[in-house]
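In the text below, chain A, chain B and the rest are named by the order of the sequence lines, each starting its count at 1.
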Amino acid sequence: LTTVAASGSACPRARRGPVRPGLAVLAVLAGCAPERREFEIRAVRERVVQGLRLDADSEERFGLSAGEASAGDAASPSFAYALPEGWTRVPAGAMRDLDLRTAGGVEVWVAKLAGDGGGAAANLDRWRLQFGLAPAAPGAVDALPRQPLLDGSAYRVDLRSGDGAGRLVGLMLFRPAGAVFVRMSGPPELVERELPPFARFVASLQDIVGAATASHASGRAGLHWTAPPSWFSLTPGPERIAHFRVAAEVEASVTVLGGDGGGLAANVARWCSQVGREPPPGPAELAALPRLEVLGVAAPLVDLTGDGARRGMLALYCPLEGRSVFLKIEGPSDRVRAAREDFVAFCLSLAPRD
Amino acid sequence: MRRLLTSSIAVLGSLRLSVALFGLLTLITWAGTIAQETIGLQQAQREYFESWLVFRRAGDLVLPVLPGGMSLITALFVNLLVGGLLRLLPRLRARAHGRARGLRLASGCGVAITHLGIAALLLACLAKYRLAEEGGIQLFEGQSTSEFVSYEDWEIVVHERIEAGLLREHLVPSAAFADRQDGRSLRLRAPGLPFELLVSDFAPHAEVRRGPAPPGSGLPTVDGFHLRPLAPQTEWERNVAGCLVRVLRGPDAEPEPGILWGLAQHPLAVAVDGRSFGIGLRRQRSPLPFRLQLDSFTHRTWPNTTIPREFASEVTLLDEGGTERRQIRMNEPLRRDGVVVYQASFGPAAGDPGGPRFSGLSVVRNPADAWPWYTLYAIATGMLLHFVARMALFVRDQRRALRGRST
């Protein structure tokens, strides 16, 4: 599919044939300019991809994945906490809200980021990379144990470096008010010794700033909604104005498109194809769909969780004046069915912003 | 001149050369195996087996110390062809008549077929080296995939949003840009793309750091971040590549710099005339000719040990023809549609003791997968022909000798 269309250099004549000796000598003496090659891209593929943003800035692209340059000034902490005995606070490094050291020199830090801070999988991979480990297997995040942190349930990560010289114990919490990362790392024996004080420190941690905004009620694009407390807020996109992780492999979203957004029939046909359900329902079945009163319209609720299929989806289509709002929850059928009540409540919470 | 040519051909087809080549092959196999300990599997493969010469540094000098696998295999290939021809020609010219001539000819043909078979086996190795794609899949029970991910190759992807959730991807394989270092660059264009790209400073292992690039590094700082090349890891699959890219919107427009990195969360955003594009760097993905779903994974150890006794994946293959249930076990790979899927590993990996369990499958798409079978049939046929003909000649000579004694 792909070929090198043309291969060139700053000295193309050398390839084309004889050159005058004088010119050749001059070229050698002057040295060739940096070589430049050309390539025509011919391999093209179309695929359905969820969650990939084409409008992210550098901070969002690299975020915490980028290494910190140097320790900065100690910023005012956003957190209240009980400092374990023997621990000291040091100037916080870039992107950190709180930087601590244990008596043995083990590093402990807390960072709070807007949105999902790059997400759980990316941060897990970043930590693994720092510890000389290969990226985690797909779905590894969903299987991580959980631990209470602040007002939520955080993923707990426990890694040992490939050479056995280091250990990392970290927590990742994702909530509407932003993501919070707590990490302790150092020599394995010292980290092991610090686990009890670390647990006490985590239990004592309080988010002074985030507590005021920790509600799941949120809004964008002139709309307002309240998400169920168990849903994790993920980074939204330009059209997807809200994005949540509902459960393992289950995600919900609110998308706003211009006009009728393609209409009900075309969207239902596309959803059916996405979850492997063919053929799509006909006009009579579409007319018979159950409806929810959302944003002043009787919005049809499409349920694609039956028929024993593995993938399932619930979707609500709200055609408004000049734009359409889509609310969707998608994932394994059984888990989507289990979240139906929450999804309906979420749909009903949608209201115009005052 | 003619004598020189004749003696050169004799040397090229000689048994002594064959023995010397096999000896050297044994030597580089041993040296390459030892070297894996320090430089890793892929680097040892490249330095010892995929090279024409093996170099070693002595002070400031870099000297060739051994012939590489490529030169030895090429020499063996020539040796086999010339040797087979040299052994066939005398039999074609033999003055014997009747049955004896036929048997000698059959014996010579058998030797030639055997030589050609072994040479074809070497060609199959070359075809696999040049054409095969290798990668891996990691699946938890219930998960499925229709592509595999390269262990070491990267690709640049230009994403274009077609509609919500649906993207068009323009793909650039690593072979096109992996050598774009030290001032060399690659200009990329594609039909339908309203901009061109200039790729440079590819690093097989790199990290992105916050803050200005160190003075003298020659690398730009983009939006407060810079790319920092790192020494490649011994195990290449642990490398995270990075490179610089400049977006060229037109002949007069100023190039817009960007950083591509294997661990970036989102692609580099480019908006042109209301169209949204993203440029990313990721491990090369190759499509499978079917969808592979892991139904269950079995891992058994020998009693009271952690030594694996069996690990196997029960999978379902889904394609337009329907579904098919298959099992992939240690040493019993799945072969279908030119793809071989091996049971390679399982998780959780070391360092992740509390992690979930998954099945690791290794995938090879090798257009020459069946060639070794054909060559083995050819070799067996050639040897059979040679031995039967030689046996018949021996029996005939013995009978003649007995007859002579009796008269």
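- Atom CD in E196(B) sits 7.5 Å away from atom CD in E38(A) (nearest 0.5 Å).
- Of the listed residues (R228(B), H170(B), H226(B)), the greatest number of heavy-atom pairs within a distance under 4.5 Å of chain A belongs to H170(B).
- Summarising the geometry of I41(A) relative to P191(B), their closest heavy-atom pair is O-CD, 3.5 Å, with the distance given to 0.1 Å.
- Between chain A and the residues V240(B), V270(B), L268(B), the largest count of heavy-atom pairs under 4.5 Å involves L268(B).
- Considering all non-hydrogen atoms of both residues, P173(B) and F39(A) come closest at CD-CZ, 3.9 Å.
- At a 4.5 Å heavy-atom cutoff, E155(B) makes no contact with chain A through either its backbone or its side chain.
- Contact tally against chain A (heavy-atom pairs below 4.5 Å) for L198(B), L197(B), L193(B), V158(B): the top residue is L198(B).
- In terms of heavy-atom pairs under 4.5 Å with chain A, the best-connected choice from L188(B), V222(B), L167(B), L166(B) is L167(B).
- Between the OG atom in S146(B) and the CZ atom in R47(A) there is a gap of 7.5 Å [rounded to 0.5 Å].
- Chain B forms the most heavy-atom pairs under 4.5 Å with one residue out of V157(A), D125(A), L129(A), and that residue is L129(A).
- For R270(A), the part sitting under 4.5 Å from any heavy atom of chain B is the side chain, from C-beta outward, and nothing else.
- By number of non-hydrogen pairs under 4.5 angstrom with chain A, the leading residue of G258(B), A269(B), A271(B), G280(B) is A269(B).
- There is no contact between V199(B) and chain A, counting heavy-atom distances below 4.5 Å.
- With R37(A) contributing its side chain and A176(B) its backbone, the two residues share a donor-acceptor pair below 3.5 Å.
- When all heavy atoms of L171(B) and R45(A) are compared, the pair lying nearest together is CD1-NH2, 3.5 Å.
- For the set A175(B), G192(B), G224(B), G142(B), the count of heavy-atom pairs under 4.5 angstrom toward chain A peaks at G142(B).
- Remark: R168(B) engages E46(A) in a salt bridge, criterion side-chain N to carboxylate O under 4.0 Å.
- Of the atoms belonging to I162(B), it is side-chain heavy atoms, and not backbone ones, that fall under 4.5 Å from chain A.
- Ion pairing between D223(B) and R61(A) fails under the 4.0 Å rule for side-chain N and carboxylate O.
- Interface remark: L260(B) contributes backbone and side-chain atoms alike to the contact with chain A (heavy atom separation under 4.5 Å).
- Looking at R275(B), neither its backbone nor its side chain comes within 4.5 Å of chain A, counting heavy atoms on both sides.
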